[in-house]
Trainee: 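Sharing a structure with you now.
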Amino acid sequence: MINKYEPLKIEKKWQKYWEENKTYEVQNKVQGKENEYILIEFPYPSGIGLHMGHCRSYTAIDALARKERLCGKNVLFPFGTDAFGLEAERTAIKEHKLPQEIVARNIETFKTQVKGLGLSFDWSRTINSCDEDYYKWTQWQFIQFFKNGLAEKQETTVNWCPNCGVLANEEVEDGKCCQCHSETTQKSKAQWVLKMTKYGERLADDLVKTDYLEHIKQSQLNWIGKSEGIEVDFKIKQGGTFSIFTTCIETIYGITFMVLAPENKIVDKLKEKITNWEEVENYRKSAAKKSEFDRTEMNKDKSGCKLCGIQAINPVNGKEVDVYIGDFVLVGYGTGAVMAVPAHDQRDYEFADKFGIEKIQVIDGGDVSESAFSKQEYLSKNCKLMNSEEFTGTTVSDAKKAIADKLIKAGVARKKINFKMRDWIFSRQRYWGEPIPMINCPHCGWVPEKEENLPITLPHVDSYEPTKDGESPLSVIEEFVNCKCPVCGAKAKRETDTMPGWAGSSWYFLRYCDPHNSSELASKEALEAWLPVSIYNGGNEHTTRHLLYARFWVKVLYDLGIVPVDEPFNKRISQGLILGADGKKMSKSAGNGVDPRVMVDRYGADSLRVWMSFIGEYSESAGWSEDGLKACNKLLTRIWNLQDLISDNKETKELNYILNQTIKKVESDIDSNKFNTAISAIMILVNEIYRVGGLSREEYKTLLILIGSFAPHLSSEVFEIMNFGKFENASWPIYDESALILDEIELPVQINGKVRGIIKVPADANEEKVVSLAKQNTDISKYITESIVKVIFVPKKILNIIVK
RNA sequence: GCUGAUGUGGCGAAAUAGGCAGACGCAAGGGACUUAAAAUCCCUCGGGGCGAAAUCUCCGUGUCGGUUCAAGUCCGACCAUCAGCACCA
């Protein structure tokens, strides 16, 4: 009689064994093995520690990594922590401690908890974004961006909270500060930006090279917001010109006014000629007070102000129209000016209504008496133009081309591609981030720190809370600020802004390839060995921005010859949330949280791992239930207890078919991230083994390998008990295709589309044979009361007999 | 508003390429073992109808239509939920 299944005991034993034997440490090259890079997003090590969400993705992706290893791949499956950023700083401020202390403590507990799940990470490659020898390279890369004209200091607007100072976009919720809830406003400030817009085109177009989920690609495209159109010059009657960008050049004959962004510099140039300047100034002031949120909130009333005394001239017909400023026009997009065609654009329509401006319909086929006949509607309808001189009667698509050609020929327009995406504001006026390694010299301007002086480390300080004047807390530390210009040696000031939380996470996957390299961020050989990442798993919340930043970062490094690929990730997947038993998101306040450690102590890590895989479709959210966990514990106990049913002289072939079928199913399911059905296939196999009443050693070994990706402790232990050798040295079983071919199959038979019976037929039976077998079956033949008019036979699937 | 996804028993969910809807599991009910409980094992389990029975019959995958011998799956319209984007010219 075998011992009882005691998960807690065996799990500790094997975790210790894996750690001591460095079982999952991996070399960059192994003779005769193909490399594969499997990546999970490195977590922020919060003080609360591991939560269920981590367990779900870590254990599922670990199952994939373990399976790939047994399939003979050399697998890189690393782990690290992303401890820079706002969250750590806030926790530190709350606890009145230094972020450095908090982070060190949290990382340790986090790692211990992760190890308790028996994950097959290569612990020798662990990195942490706030370690000096890591962020040294983040800083080094910033300098490369700068040297190549991709980083520059720009005057930009920042979110400003009267209490907390400068806020990151993610700290502003509905126009309010997420901490003190006061109204935020916009303030102008010189900030470092990375010129991501230069890569807009490639970031959009190169998505075809990737295998991301459709909605992930879509939101990348959405964020990039590429739109192709025409930029057209408009003369101002009173002198000067300005340009507008439009994607609907076909509506140009419908222009009845123009709108400029309030901040547009042209307005200043026209000051002399504007007869209501005071009114204009007042409007500009009130617009400046509004936050970005107020400005971009949809469905609010259009506001604006006429520039009295100013007319613009439509280049197609010389028509003079009034010019307005209005805050629905954004200075940062396009040219900060629009042509207004109220009949065919809803915003222009509302604006025209408010100011009593006429509307000219130029696209036929819609009604403009209530609202605009906009491009979303007319583009799909093959409409024709009206009121458009020589273009009247041509179709929209022809007119688009013809009008553009005419204007381009006349030299007043050109094709243009615009992006919604802005450059990446890279400065934070915060303490807990990588210092930006730049120095401002009175003679040389902005110059990078000498590379041999990196890293520029964060000074340990007493106070690091955000300052009230909006400058970085580092700015008040004299020893940090004062320095010498690396070029001319003059007294100079160091940049005191730090990098955003996204910085370290934009390249950490490169560092994993060569984490201890002290002379470069990673060697070319190491990067070539592993990149691109074959599968990358991470949370849904920050997928869009993180992927965009990381892709941009890698493209820059690729152009500089540092990285061998221009797309870092082949495939991106996301796990669904684990919800509380009440179906709501697990949270402290809802009191529905479940601590994974408690569950591990109660049932063992293997049971939790299996349950996290079985709980549901991987990408969908799933509700927690302890009963489900119990069921998985039961499965493992049943597998353990099979030790009693081994019989070596067992000659039966009864399990042959189902065993091979299960191997095939589990293999393909893990490959396609259908972990839940992989587990159910194993359950079916185990049920069948119990029904048959015994199995051979070899069959048991196969079962243990299949479940071993999910329950590695159990399989390791039973391998040892059964003298199967070391589990990590096992090979993934190869299913026997011929065993899956049955001589005889069960075929459903329908009469008039209704299943009336199931008959056993030879697998290769033809239609004639099958029909005659069906007719011999009295359960079926009793329905054939009239003459057969049609027979549909799909081999191995169905027989449908139509009678009439 | 736009884009994308989802909608199947009491519950979590399956269903390869249009071919037996509800695999697998939970909960529930019944039984075996036990002094008893736990554990374990076995049986039943979408809904209605006829009935002694089911291997009978009708209905059933958000709603309404369509294509097809055959639709959870394809097409059209709609409803609901979730996510991302949101005055982007």
Side-chain angles (χ1 to χ4, degrees), chain A residues 4 213-223 225-227 229-230 244-248 251 259 261 295-300 302 326-330 332-341 344-348 350-351 374-376 418-422 540-541 543-545 574 576-577 583 611 614-617 619-632 634-635 637-638 641 665 668 672 674 676-687 690 746-758 779 789-794 796-803:
Chain A
K4 238 180 95 188
L213 292 173
E214 201 45 47
H215 76 269
I216 295 177
K217 281 192 190 184
Q218 201 58 49
S219 54
Q220 294 274 293
L221 287 173
N222 225 322
W223 192 279
K226 179 179 168 180
S227 70
I230 309 284
I244 59 94
F245 172 75
T246 180
T247 56
C248 303
T251 61
V259 189
R295 287 279 301 266
T296 57
E297 191 187 10
M298 211 180 156
N299 298 328
K300 63 153 198 180
K302 294 286 170 293
D327 68 3
F328 78 89
V329 179
L330 307 173
Y333 183 77
T335 60
V338 299
M339 65 181 214
V341 183
H344 301 287
D345 183 288
Q346 191 55 32
R347 292 158 299 171
D348 300 348
E350 288 163 23
F351 197 91
S374 60
K375 64 177 172 184
Q376 288 92 336
N418 264 322
F419 297 94
K420 273 194 237 181
M421 186 180 71
R422 315 279 173 86
N540 267 317
E541 322 81 69
T543 293
T544 307
R545 294 180 74 183
S574 290
L577 292 175
W611 175 225
F614 186 59
I615 195 166
E617 223 296 308
S619 60
E620 298 287 325
S621 52
W624 171 260
S625 122
E626 195 168 331
D627 285 327
L629 176 54
K630 275 186 205 164
C632 294
K634 185 171 142 185
L635 170 72
T637 307
R638 275 160 72 80
N641 290 343
K665 174 95 177 134
S668 69
S672 48
K674 288 151 88 179
N676 52 338
T677 48
I679 301 295
S680 89
I682 293 171
M683 286 171 169
I684 293 169
L685 174 63
V686 172
N687 289 348
Y690 273 96
E746 292 190 331
L747 188 81
V749 179
Q750 298 180 330
I751 309 296
N752 288 349
K754 288 216 158 93
V755 177
R756 295 302 183 181
I758 291 161
D779 282 343
V789 293
K790 196 172 179 186
V791 173
I792 292 122
F793 175 58
V794 183
K796 293 176 189 168
K797 292 266 169 158
I798 206 146
L799 175 71
N800 190 4
I801 298 171
I802 310 301
V803 298

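Small disclaimer: the values here were computed from a predicted structure and weren't measured. Heavy atoms only: backbone and side chains are in, while hydrogens, waters and symmetry mates are out. Here is the naming used below: chain letters follow the sequence lines, and residue numbers restart at 1 for every chain.
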Trainee: To the nearest 0.5 Å, how far apart are NZ in K630(A) and NZ in K634(A)?
Mentor: 11.5 Å
Trainee: Could you measure between the two C1' atoms, the one in G7(B) and the one in U73(B), and give it in whole Å?
Mentor: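 Taking atom C1' in both G7(B) and U73(B), they lie 14 Å apart.
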Trainee: Between G65(B) and A71(B), how far apart are the C1' atoms? Round to whole Å, please.
Mentor: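 So the two C1' atoms sit 14 Å from each other.
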Trainee: Find the distance K420(A):NZ to C85(B):P and express it as a whole number of Å.
Mentor: 10 Å
Trainee: With rounding to the closest Å, how many angstrom separate the P atoms on G29(B) and C85(B)?
Mentor: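 Result for the P pair: 47 Å, nearest Å.
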Trainee: With sugar-phosphate meaning primed atoms plus P, OP1 and OP2, does I684(A) contact a base, only sugar-phosphate, or nothing at under 4.0 Å between heavy atoms?
Mentor: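 If one applies the 4.0 Å heavy-atom cut-off, I684(A) turns out to touch the sugar-phosphate alone, with no base involved.
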Trainee: Q750(A) vs I801(A), test: side chain to side chain contact (heavy atoms under 4.5 Å, CB included). Steps then yes/no.
Mentor: CA-CA 6 Å; Q750(A) 298 180 330; I801(A) 298 171; over 6 Å; no
Trainee: Looking at residues 624-631 of chain A, who's got a heavy atom less than 4.0 Å off RNA chain B?
Mentor: D627(A), A631(A)
Trainee: Expressed as a whole number of Å, how far does the C1' atom of A21(B) sit from that of G76(B)?
Mentor: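 Rounded to whole Å, the distance is 24 Å.
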Trainee: Under 4.0 Å, counting only non-hydrogen atoms across every strand here, what does E617(A) touch: a base, just sugar-phosphate, or nothing?
Mentor: sugar-phosphate
Trainee: How far does the C1' atom of C50(B) sit from the matching atom of C59(B), given to the nearest Å?
Mentor: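 C50(B) and C59(B) have their C1' atoms separated by 15 Å.
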Trainee: Could you pick out which residue, S219(A) or R347(A), lies toward the 5' side of RNA chain B when each is mapped onto its nearest nucleotide?
Mentor: S219(A)
Trainee: When the nearest nucleotide of RNA chain B is assigned to N222(A) and to D348(A) on a heavy-atom basis, which residue is associated with the more 5' position?
Mentor: N222(A)
Trainee: For N641(A), which contact category applies under a 4.0 Å heavy-atom criterion: base, sugar-phosphate, or nothing?
Mentor: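 The residue N641(A) makes no contact with any strand.
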